[in-house]
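Proteins come first, then strands; the chains are lettered A, B, ... in the order of their sequence lines, and each starts at number 1.
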Number of protein chains: 2
Amino acid sequence: MAAADLTTRARIRDAAIHRFGADGFAASVRSIATQAGVSPGLVIHHFGSKDALRAACDEYVLQVIRESKSRALTPGSASDLLAQLADVEEYTPLVAYMVQGMLAGGDLAVAFLDQMIADAEGYLATGVEAGTVRPSRDPAARARYLVLANVGALLLHVRLHPPVDGDYAATIRELTALTAVPALEIFTEGLLTDRTMLDSYLVYVPDPPRR
Amino acid sequence: MAAADLTTRARIRDAAIHRFGADGFAASVRSIATQAGVSPGLVIHHFGSKDALRAACDEYVLQVIRESKSRALTPGSASDLLAQLADVEEYTPLVAYMVQGMLAGGDLAVAFLDQMIADAEGYLATGVEAGTVRPSRDPAARARYLVLANVGALLLHVRLHPPVDGDYAATIRELTALTAVPALEIFTEGLLTDRTMLDSYLVYVPDPPRR
DNA sequence: ACGGCAATTGAACACACGTTTAAACTCCTG
DNA sequence: CAGGAGTTTAAACGTGTGTTCAATTGCCGT
């Protein structure tokens with residue numbers, strides 16, 4: 001995110017990602033222009049409108065995250081994707097932007113979460129084959145639940161303990177420190193001592209997964 | 001939320017809860033005034049400012065939710081509080097408002113979640129005593145994780161499948177249908193087959209709970 | 001070197017917002 | 001019945017917004 005040798009258009013895009021991520025999508029065009037060291041009119045000249053600028057940011061963020069995933073990141077744990085990204089200083093603004101995107105809803109959030117769920121389902125299936133993960137009655141639903149619960153917990157934690165100076169890495173480490181033990185505890189030992197709740201729900205809704 | 005025999009001030013407050021819940025806190029004073037059948041100036045006359053109006057809504061929503069909890073609601077499952085509230089037509093706007101409040105962050109969200117976490121810890125402790133819930137190395141952290149994960153999943157689900165015509169009850173039922181099986185599965189059978197992940201994390205951070 | 005084209009700017013526009021103000025209305029009290 | 005306090009409204013104000021426009025700058029090819 002260095003201001004070096006970038007197209008003006010790219011500098012404006014990066015500034016927009018920065019401000020949207022820090023202030024939400026109500027951030028003004030003028031504040032973005034200031035951050036980019038540019039006049040407000042030029043922002044519109046390059047992107048047409050604020051909405052189009054946001055759409056361009058959405059697309060760019062999604063593309064960079066997709067690329068980064070195939071690169072250096074350790075695979076295997078889908079729910080830590082954002083945590084790993086936040087640790088790389090260059091990617092921190094993308095994490096902040098993605099968080100705002102999920103808080104605001106819209107196509108970006110849908111696309112990101114759908115991909116995350118699909119990835120998680122793959123990781124879980126690999127684990128099942130390797131014998132480290134228990135099989136599920138409905139692997140797709142389990143992957144969806146795990147992603148929604150863990151990403152959702154991240155969103156709430158960010159709202160309860162907002163990053164100072166945009167330091168998402170510290171906030172996410174804080175979340176990990178708070179939730180790793182209870183999460184691992186539940187994942188390895190369970191929460192309930194008997195099967196009555198599960199069994200009674202299964203006879204109530206006995207539908208098998210439909211794919 | 002009927003428009004009958006209420007103080008004008010109360011009618012404006014209810015209209016504000018309705019519009020804030022439906023459109024977020026960017027909802028305009030004018031739209032609230034229209035919904036209440038009143039002029040914009042009167043809204044400010046009664047509450048002083050838009051921020052003060054929101055503060056009054058925060059306080060009122062929190063108070064009503066606290067009262068309703070001691071009443072007819074089935075105790076025992078803290079994470080279903082919002083689901084049970086959404087099923088009562090009268091309370092649906094409060095649920096929508098609360099969702100927006102958590103998405104926006106702020107004191108309302110902190111107060112609500114803190115209370116929810118405290119309640120969950122109580123329910124879990126009761127379950128542990130009764131032998132239906134497994135004990136935890138850190139009961140407070142477990143309660144916090146469970147609330148953040150389940151409420152967070154609710155927030156994300158609402159953003160992915162927005163309620164039509166404010167029908168939060170249907171959206172939440174949809175979420176339950178999608179996540180009940182995987183959640184119960186994980187809670188009774190666990191997710192991992194061996195203890196290596198948990199044990200290795202415990203030696204890495206062997207701190208016992210500090211209270 | 002110069003004409004042309006894209007980049008860029010500063011000023012302005014139209015609009016929506018929260019809020020203010022003065023006047024009208026309502027209703028209870030003396 | 002008079003009057004005053006509280007309620008309510010319509011209109012206006014000031015500000016910030018996204019966007020437009022004409023003018024200026026800077027660069028590149030011929």
Figure out the [atom1]/[atom2] separation between [X] and [N], and round it to whole Å.
X	N	atom1	atom2	answer
Phe47(A)	dT19(D)	CZ	C1'	16 Å
Leu42(B)	dT26(C)	CG	P	15 Å
Arg9(A)	dA7(C)	CZ	P	10 Å

Residue pair [X] / [Y], side-chain donor-acceptor N/O under 3.5 Å:
X	Y	value
Asp14(B)	Tyr60(B)	no
Asn150(A)	Tyr145(B)	yes
Glu174(B)	His157(B)	yes
Gln63(B)	Glu59(B)	no

| Hey, is the side chain of Thr8(A) poking within less than 4.0 Å of OP1 or OP2 on dA7(C), counting only N and O atoms? |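 No.
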Restricting both atoms to N or O, compile the protein contacts to nucleotides 15-25 of chain C shorter than 3.5 Å, with distance only.
from    : atom 1 : to       : atom 2 : distance (Å)
dG18(C) : OP1    : Val29(B) : N      : 3.4
dG18(C) : OP1    : Lys50(B) : NZ     : 2.8
dG18(C) : OP2    : Val29(B) : N      : 2.8
dG18(C) : N7     : Arg30(B) : NH1    : 2.8
dG18(C) : O6     : Arg30(B) : NH2    : 2.9
dT19(C) : OP2    : Lys50(B) : N      : 2.7

| said: Within 45 degrees of the ring normal and closer than 6.0 Å to the centroid, is that where the cationic atom of Arg54(A) sits relative to Phe20(A)? | reply: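 The answer is no; the distance or angle limit is not met.
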| Do the ring centers of Phe25(B) and Tyr97(B) come within less than 6.0 Å of each other? |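 Ring centroids of Phe25(B) and Tyr97(B) are less than 6.0 Å from each other.
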